[in-house]
Amino acid sequence: MSDSAVQRFYRFHATVYDSTRWMILHGRRRAAAALDLHPAASVLEVGCGTGLNFRFVQEHLDPAAGRLVGLDFSADMLARAERRVARTAWRNVELVQGDATTMHLGRLFDAVFFAYSLTMIPQWPAALDRAAEHLAPGGRLVVLDFSRFDGWGPLAPLMRTWLRLNHVETLRPYEDELRRRFARVDVTYWLGGYNFTAVARKGAR
Ligand SMILES: C[S@@+](CC[C@H](N)C(=O)[O-])C[C@H]1O[C@@H](n2cnc3c(N)ncnc32)[C@H](O)[C@@H]1O
């Protein structure tokens, strides 16, 4: 796998991720609830990082029947996710190193979750295509991510620039591209456009 700028970024940031990101990455529990999981559901988290969302997903799963797959292309982030899984003794979690834009896991999921990962993927439409391919008919895709800070007045361009310096691009048409791919999409913006939750449903075949 080629070594992208984002993978290099996380070589250092993996070491401080859990101790710093709680300040800026919000809405995890609410987004996990929006996956609307049944206890035996299968979930794919794309760009799972160190696994900070796992416990919120697990709250909705029966550990003996539900399944959670975390995919990320950063070996450094996955190593920390592995440690988290080992610490908690979750036996229903599988970690996969792979690229969201080319992933092919050979199975379908009831739900696919992107949390603060989609805006970091330059080829993000391909990641949405792969996600749609991995969703079972009737399944749900939830995207939690930064938005455009529309209600932040003169601070908005500063926030967007700061995020861009950290490989996060907020000004892409995420909502439009979700609507092109999914039967129904509901988007909620939080904190004056700080972040958003998009819930997309795949139509039954
Ligand atoms: C801001 S972190 C979010 C991690 C986790 N989802 C969370 O909510 O804390 C973004 C993650 O997306 C991963 N990522 C970015 N581009 C990716 C790609 N093309 N394929 C797989 N993972 C990717 C990064 O390695 C990183 O772990």
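Below, each value reflects all heavy atoms present in this structure, side chains not excepted, and no hydrogens, waters or symmetry copies. Counting starts at 1 for both ligands and their atoms, following the listed order.
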Tell me the contacting part of [X] for ligand 1: side chain, backbone, both, or neither, using a 4.0 Å heavy-atom threshold, strictly below.
X: Asn53; value: side chain
X: Asp99; value: both
X: Cys48; value: backbone
X: Glu45; value: side chain

Of the non-hydrogen atoms in [X] and [Y], which two are nearest, and what is the gap between them?
X: Tyr17; Y: Thr50; result: CD2-OG1, 3.7 Å
X: Ile121; Y: Ala100; result: CD1-CB, 3.8 Å
X: Arg180; Y: Glu177; result: NE-OE1, 3.1 Å
X: Ala32; Y: Phe113; result: N-CZ, 4.2 Å

**Request:** Measure from the ring center of Phe196 to the ring center of Trp190 and say whether it is less than 6.0 Å.
**Result:** no
**Item:** Aromatic ring proximity His13/Phe9, centre distance under 6.0 Å
**Value:** yes
**Message:** Does ligand 1 come near enough to Ala115 that some N or O of the ligand is less than 3.5 Å from an N or O of the residue?
**Reply:** yes
**Prompt:** Is any N or O atom of Gly47, backbone or side chain, closer than 3.5 Å to an N or O atom of ligand 1?
**Reply:** yes
Please report which non-hydrogen protein atom sits nearest to [atom], along with the residue it belongs to and the distance in Å to one decimal place.
atom: atom 25 (O) of ligand 1; answer: Asp72 OD1, 2.6 Å
atom: atom 14 (N) of ligand 1; answer: Phe73 CE2, 3.5 Å
atom: atom 20 (N) of ligand 1; answer: Ala100 N, 2.9 Å
atom: atom 10 (C) of ligand 1; answer: Tyr116 O, 3.4 Å

**Message:** Does either side chain, that of Ser147 or that of Asn195, offer a donor lying less than 3.5 Å from an acceptor on the other one?
**Reply:** no
**Request:** Verify the distance criterion only: is there a donor paired with an acceptor across the side chains of Gln58 and Asn92 at less than 3.5 Å?
**Result:** yes
Please could you name the atoms of ligand 1 that [X] approaches to less than 4.0 Å, counting only its heavy atoms?
X: Gly98; answer: 20 (N), 21 (C)
X: Ser74; answer: 25 (O)
X: Ser117; answer: 12 (O)
X: Met120; answer: 1 (C), 10 (C)
X: Met77; answer: 27 (O)
X: Gly49; answer: 4 (C), 27 (O)

**Message:** Is it the case that over 12 heavy atoms from other parts of the model lie below 6.0 angstrom from the CD atom of Glu59?
**Reply:** yes
**Request:** Inspect the surroundings of CZ in Arg164 and state if more than 12 heavy atoms from other residues, nucleotides or ligands are less than 6.0 Å away.
**Result:** yes
**Request:** Measure the acute angle between the ring planes of His134 and Phe109, then classify it against the limits of 30° and 60° as parallel, tilted or perpendicular.
**Result:** tilted
**Item:** Minimum non-hydrogen distance to atom 2 (S) of ligand 1, winning option of Trp124, Tyr10, Phe113
**Value:** Tyr10
Proximity flag [X] to ligand 1, non-hydrogen atoms under 4.0 Å:
X: Arg28; value: yes
X: Tyr17; value: yes
X: Arg21; value: no
X: Ala14; value: no

**Prompt:** Where do Trp90 and Leu68 land on the side-chain contact (heavy atoms from CB on, under 4.5 Å) test, with the steps shown first?
**Reply:** CA-CA 10 Å; Trp90 288 321; Leu68 170 58; over 6 Å; no
**Item:** Ion pair Arg201/Asp186, N-O distance below 4.0 Å
**Value:** yes
